[in-house]
Amino acid sequence: MTAWNAREEAALTLEEILAKKGYSSIVLDRRIQQYPPSVDLRDKALVTRLVYGALTHLNTLDALIDSYSKTPVRRMKPYIACTLRVACEQMLYEDRIPDRAAVYEAVEAVKHSRFKGLSGFVNGVLRAILRDGAAVPKVKDRLEQMALDYSLPAGILKDWEASYGPDMTLDIARRLSTETSVCVRCNTIKCTPEELEAELKEQLGDDAVRRSKALNELFYLGSAEGLGGWKALTEGRMVVQNESAALSAALSLVQPGMKVLDMCAAPGGKSTFMAQMMENKGELYSCDVHEHKVRLMQAQMERMGITCCQTLQQDGTAFQPEWEETFDVVMLDAPCSGLGILRNKPEIRWFREEGDFDELVLLQEKLLSQAARYVKPGGRLVYSTCTIRAAENEGQMEHFLSEYPDFSETDLEKDLPSVAICDTISNNYAKRPEKPFSKGWRVILPEEKGRDGFFLASLVKQA
């Protein structure tokens, strides 16, 4: 088009993410940096909302389009398919955008593109959908219908049902299809939670700032427009971090003067929280296998005034003999399937394949085997993931304890009383009477406007 258009930009961004299997946040950030100076915050926010919405509901949108188009989505030109998806996302999920405006903008975008000959096709499909009220197709199979209604692969839903049962699975699917509130953490090295709370309320209003009931340093925001430019963030007084991730750092129970290892630390949120808990005193090693992520972590440490931390490029699966049994606490937030944070990374649900899950379990086992060697006698190993798959969580812990009998579970009811028990089927002695309920780990299920899906485990090495 001759002029910049938010809906066209959303379609182009969606096309790039799907074609290159890129991370939505990275692709969006890069493209936003290239926008003309005239593009205001509202248009940037609209593009972001449409892209995340289309990725979140991709399965539903494609089924809707296929039910009205003789050419299935998978055989369309990628730009045409993404233009239709963005328009249908607006019709189904955006209350503030009139349906006719969504259709008109899509058709106009195609008219000014190199596919202008297909503008009539786009117009016909969208007007037929609009005429029938944009109704999601119905199928006979219960899981397939749930997959359509909440836009999730049926295989993932089947896996969840084995761990949580059909009712809880439906609730998880519903929660992961909604937006969550932005959560920020106060950097107590630079200010107090009370000072940050006053600053946020002055900026947003009293009703738009809600303090976490579990951690005093955390706040949920009712609005986060233009968050990247807020002084509290750029000057290092706060950092964006979901409550579930913060709870995994809190579970470390680190104290000033300790020697601590964060094996897979990027982007650094847990490391910075542990540095605060250590009052910036002691030794903290924050590692990642990727050099560019290490540089970003170092910049974060400097912005937040953290001096007790060394950032290192390190492959966690490679043993470091000088670290053997030297750390008071080892934090392993392991690479995982990420199914607990689908609201923030919706593309994960479409880019994961069955073989990926098996490879991740093997990688987690390798990392855990090295982590076990670094914990000193009497020290603590914290294992966490941002997924809610039992094979990567409870199953991983059971396997680890069978391989390393010198480790034992802690009692999370004492260590982290703010995390309620999630009584999953796979960790429930009502179904498995031969195995008592584990006190050493918890599944956190995604909450509406709250915590992401997460897994927390804490083990102690025998003194």
Side-chain angles (χ1 to χ4, degrees), residues 7 10-11 14 18 49-78 80-103 106-107 118 121-180 339 342-343 346-354 388-389 445-446 448 453:
R7 293 169 177 84
L14 180 63
L18 294 176
R49 194 167 71 247
L50 294 180
V51 170
Y52 274 90
L55 283 170
T56 298
H57 304 291
L58 192 68
N59 195 30
T60 307
L61 299 173
D62 285 2
L64 176 63
I65 295 166
D66 281 349
S67 65
Y68 286 90
S69 171
K70 293 181 179 178
T71 304
V73 169
R74 67 179 186 278
R75 292 176 54 193
M76 293 179 187
K77 301 290 185 185
I80 297 299
C82 289
T83 298
L84 288 169
R85 288 161 170 158
V86 169
C88 290
E89 196 280 337
Q90 295 169 76
M91 286 192 278
L92 282 175
Y93 304 107
E94 301 292 333
D95 296 335
R96 290 174 288 179
I97 299 175
D99 292 346
R100 294 189 180 277
V103 174
V107 174
L118 293 172
F121 166 75
V122 170
N123 183 59
V125 171
L126 291 178
R127 291 199 178 277
I129 292 172
L130 180 61
R131 184 173 58 250
D132 290 351
V136 177
K138 299 296 181 183
V139 295
K140 291 183 179 180
D141 184 81
R142 179 183 58 82
L143 271 180
E144 291 293 341
Q145 187 62 56
M146 197 189 307
L148 282 180
D149 291 339
Y150 297 100
S151 204
L152 285 160
I156 290 176
L157 294 170
K158 185 177 180 180
D159 184 79
W160 286 346
E161 283 203 350
S163 292
Y164 306 103
D167 293 340
M168 184 60 75
T169 296
L170 179 62
D171 205 28
I172 293 170
R174 180 181 57 79
R175 294 177 194 180
L176 288 176
S177 68
T178 62
E179 293 183 9
T180 188
L339 301 181
L342 292 180
R343 292 178 291 196
E347 67 278 359
I348 289 175
R349 67 188 81 194
W350 313 123
F351 296 164
R352 294 287 189 205
E353 298 180 3
E354 195 63 35
I388 48 178
R389 283 188 73 239
L445 294 180
E448 291 186 29

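From a predicted model like this one, the values you see are computed outputs, not experimental measurements. All heavy atoms count here, side chains included; hydrogens, waters and symmetry mates do not.
- Here CG of Leu14 is found 6.0 Å from CZ of Arg85. Values are rounded to the nearest 0.5 Å.
- Using a distance-only test at 3.5 Å, with no hydrogens or angles considered, a donor-acceptor pair links the side chain of Asp66 to the main chain of Val73.
- Nearest heavy atom pair, residue Ile65 against residue Val125, reads CG2-CG1, 4.4 Å.
- Thr169 places a side-chain heavy atom less than 4.5 Å from the side chain of Met146.
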**Request:** Please lay out, stage by stage, how Arg7 and Ile97 fare under the test side-chain contact (heavy atoms from CB on, under 4.5 Å).
**Result:** CA-CA 11 Å; Arg7 293 169 177 84; Ile97 299 175; 3.6 Å; yes
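- Within the 4.5 Å cutoff, the side chain of Pro166 has heavy atoms near those of the Arg142 side chain.
- The backbone N or O of Pro446 sits less than 3.5 Å from a side-chain atom of Arg175, completing a donor-acceptor pair.
- Between Asp159 and Leu339 there is no side-chain heavy-atom pair separated by less than 4.5 Å.
- The number of heavy atoms from other shown groups lying within 6.0 Å of CZ (Arg100) does not exceed 12.
- In this structure the side chain of Leu18 reaches within 4.5 angstrom of the side chain of Leu55, judged on heavy atoms.
- Annotation: side chain of Tyr150 is not in contact with side chain of Leu157 (no heavy-atom distance under 4.5 Å).
- The only option from Val122, Leu130, Asn123 that meets the side chain to side chain contact (heavy atoms under 4.5 Å, CB included) definition with Leu126 turns out to be Val122.
- The CG atom of Leu445 sits 5.5 Å away from atom CE of Met168, with the distance rounded to the nearest 0.5 Å.
- Between the OG1 atom in Thr71 and the CZ atom in Phe121 there is a gap of 5.0 Å [rounded to 0.5 Å].
- No side-chain heavy atom of Leu64 sits less than 4.5 Å from a side-chain heavy atom of Met91.
- Side-chain contact between Trp350 and Ser151 is present, with at least one heavy-atom pair separated by less than 4.5 Å.
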**Message:** Run the side-chain contact (heavy atoms from CB on, under 4.5 Å) test on Glu179 and Arg343 for me, step by step, so that the C-alpha distance in whole Å, both residues' side-chain angles and the decisive distance to 0.1 Å come before the verdict.
**Reply:** CA-CA 6 Å; Glu179 293 183 9; Arg343 292 178 291 196; over 6 Å; no
**Message:** Under the criterion side-chain contact (heavy atoms from CB on, under 4.5 Å), I'd like the reasoning laid out for Leu118 against Met76: C-alpha separation, chi angles, the key distance, then a yes or no.
**Reply:** CA-CA 10 Å; Leu118 293 172; Met76 293 179 187; over 6 Å; no
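- Only one option out of Thr56, Thr60, Leu50 pairs with Tyr93 in a side chain to side chain contact (heavy atoms under 4.5 Å, CB included); it is Thr60.
- Nearest heavy-atom pair, Ala11 versus Cys82, reported as atom, atom and distance to 0.1 Å: O-CB, 3.5 Å.
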